[in-house]
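Here's the structure we're looking at; comments come further down.
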There are 2 protein chains.
Amino acid sequence: MRIASWNVNSIRARLEHLRTFLETASPDVLCMQETKVEDEKFPEEALGDAGYRVVFFGQKTYNGVAIAARYGLGIEDVKKNLDGDEDDAPRRLIAATIEGVRIINVYVPNGQAVGTKPFAYKLAWFERLGLDLAAHHRPDEPLLICGDFNVAPTNLDVHEPKRWEGQVLCHPDERAALGKLFAWGLVDALRDKHPDEKVYSWWDYRMGAYRKNHGLRIDLALVTPPLLARTKDVWVDRSVRELERPSDHAPVLIDLAESQA
Amino acid sequence: MRIASWNVNSIRARLEHLRTFLETASPDVLCMQETKVEDEKFPEEALGDAGYRVVFFGQKTYNGVAIAARYGLGIEDVKKNLDGDEDDAPRRLIAATIEGVRIINVYVPNGQAVGTKPFAYKLAWFERLGLDLAAHHRPDEPLLICGDFNVAPTNLDVHEPKRWEGQVLCHPDERAALGKLFAWGLVDALRDKHPDEKVYSWWDYRMGAYRKNHGLRIDLALVTPPLLARTKDVWVDRSVRELERPSDHAPVLIDLAESQA
DNA sequence: GAATAAACTG
DNA sequence: CAGTTTATTC
């Protein structure tokens with residue numbers, strides 16, 4: 001089973017790229033972030049035409065997440081947002097069980113700048129994600145949390161660590177928050193498979209960052225040990241980031257071997 | 001000599017259509033209205049690449065006019081706006097002499113709604129256009145005033161006259177204002193050549209007006225008698241109105257025989 | 001309904 | 001730099 005995660009930066013602005021990606025990469029499941037569309041206006045039909053059923057949880061202008069799965073795959077136990085989130089909370093999480101794998105698709109708050117209120121909210125959000133995990137899951141389940149984490153786990157995930165040191169996306173507090181997920185039992189699947197590789201998933205639109213490969217790896221696939229055992233490979237597909245008017249993120253993909261169970 | 005007039009509704013949004021039109025219709029001169037761009041940002045190079053020299057008089061967001069002429073044709077005695085217009089007046093007129101023909105390119109104020117202040121401004125603008133004509137020109141000169149007049153001269157120029165009766169674009173006061181230009185000596189060239197033909201040049205973006213051919217003829221080519229004598233034909237080219245994301249106006253074209261002088 | 005600008009976020 | 005909304009015009 002191939003699962004992809006992509007911050008599309010507006011699904012409606014990205015419909016053509018989305019079709020291209022589904023066609024070429026052919027994932028069984030695609031987790032999307034920053035769909036930026038309310039549920040009433042979600043382009044369900046376009047996904048349907050491409051051969052995918054989709055569950056979504058979005059809002060106007062900001063945030064919004066969705067999981068698309070190839071027709072034939074069941075999408076079970078859909079969960080939206082974190083425990084305790086009010087109805088008007090930013091829509092940042094959608095989870096579902098597909099082919100026995102629990103898939104939690106997250107768009108972690110960006111945090112704006114270190115020390116700001118949004119930064120505190122980001123850290124709190126990570127904390128609450130951990131509580132959700134502890135409440136509903138165990139590290140011995142086949143579970144994947146993927147999405148835009150808005151944190152580069154280590155300096156290996158940053159094109160120019162000095163310039164980013166202490167900044168948002170690279171701050172020790174954010175890395176510590178991510179670390180708690182690792183402590184619970186999750187593993188950064190791409191880093192596990194490629195311990196030394198410089199791989200990025202996001203490049204700022206400004207300053208020709210993509211052209212110069214000034215990127216960060218902030219889109220992650222975290223897996224529990226049983227799923228890590230099934231992980232054949234994890235990689236970033238830059239092809240859609242090369243197109244005209246791309247998202248600023250490239251998709252991360254993970255290939256899983258069939259379950260032995 | 002072939003002269004065209006087209007309300008492009010933003011020259012920057014219409015660059016591709018503009019290239020298509022210049023390529024296919026191949027006018028010697030193109031008068032444009034609603035360029036919606038300040039002179040510093042006018043896409044002079046794109047016109048140059050297409051083989052046209054261009055003079056322009058524009059502003060941010062609204063209005064803006066330009067005359068493009070095939071390389072090799074001189075563009076002389078450029079006049080911008082009406083006598084007495086202040087520097088900050090809406091930029092609605094550019095005139096030039098090309099191959100001995102005085103070409104006055106106008107974007108007449110829309111008038112918003114009958115009885116409003118903009119409507120009074122529109123009527124006053126027509127009046128001042130007449131004064132300009134009287135001050136600088138004579139009906140025995142080869143002179144063309146073309147552009148978006150925002151008036152349908154008669155009910156023959158309106159798809160459904162009853163629905164438009166007394167409305168802006170069709171109001172008796174506007175038609176009377178236009179009538180003063182006819183009284184001075186100008187002739188509506190298309191109507192002269194095609195006395196009974198239902199021809200439109202503008203279709204509202206809304207309500208599928210183009211599809212239903214619910215249009216008005218508000219883009220005109222008015223000529224003096226010596227130029228009428230040289231007029232071979234006048235028509236509206238709807239091909240660019242059929243493209244994706246078109247202007248709401250289609251170009252009007254006039255073919256002139258060579259001067260006998 | 002399509003264009004533009006301004007203010008906002010990432 | 002690219003996306004969004006809102007207000008404005010036609």
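Just so we're on the same page: letters track the sequence lines, and every chain starts at 1.
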Quiz item: Are A:Lys198 and A:Asp157 close enough for a salt bridge, meaning some N to O gap below 4.0 Å?
Solution: no
Practice problem: Return the value, rounded to whole Å, for the distance between atom CH2 of B:Trp203 and atom P of C:dA2. | Solution: 16 Å
Between the protein and nucleotides 5-10 of chain C, list every N/O to N/O distance that falls short of 3.5 Å.
| residue | atom | partner | partner atom | Å |
| --- | --- | --- | --- | --- |
| C:dG10 | OP2 | A:Gln112 | NE2 | 3.2 |

Quiz item: Does the distance from a Lys or Arg side-chain N to an Asp or Glu carboxylate O, for A:Asp132 and A:Lys79, drop under 4.0 Å?
Solution: yes
Quiz prompt | Carboxylate-amine/guanidinium contact A:Glu127 A:Lys180, below 4.0 Å | solution = yes
Self-check item: Partner of A:Asp248 by side chain to side chain donor-acceptor pair (under 3.5 Å), out of A:Tyr210, A:Trp202, A:Trp203
Solution: A:Trp202
Quiz prompt | Sole candidate of A:Lys36, A:Gln33, A:Arg92 that passes side chain to side chain donor-acceptor pair (under 3.5 Å) when paired with A:Asn63 | solution = A:Arg92
Practice problem: Mind running a 4.0 Å heavy-atom check of residues 153-171 of chain A against DNA chain C and sending the residues that fall below it, in number order? | Solution: none
Quiz item: What's the verdict on salt bridge (charged side-chain N to carboxylate O under 4.0 Å, His left out) for A:Lys212 and A:Asp204, showing C-alpha distance, side-chain angles and the deciding distance?
Solution: CA-CA 11 Å; A:Lys212 294 184 274 192; A:Asp204 198 298; over 6 Å; no
Exercise. Grab the CE-P distance between A:Met207 and D:dA2 for me, whole Å please.
Key: 14 Å
Practice problem: Mind calculating the distance between CD (B:Glu16) and P (C:dA2) to the nearest angstrom? | Solution: 18 Å
Exercise. Quickly work out the B:Leu243 CG to C:dG1 C1' distance and round it to whole Å.
Key: 17 Å
Quiz item: Taking NZ, NE, NH1 and NH2 as the nitrogens, is one of them in A:Asp85 or A:Arg128 under 4.0 Å from a carboxylate oxygen of the other?
Solution: yes
Practice problem: Rounded off to whole Å, could you give me the NZ-to-P distance for the B:Lys117 and D:dC10 pair? | Solution: 15 Å
Practice problem: Look at the aromatic rings of B:Trp164 and B:His159 and report parallel, tilted or perpendicular, splitting at 30° and 60°. | Solution: perpendicular
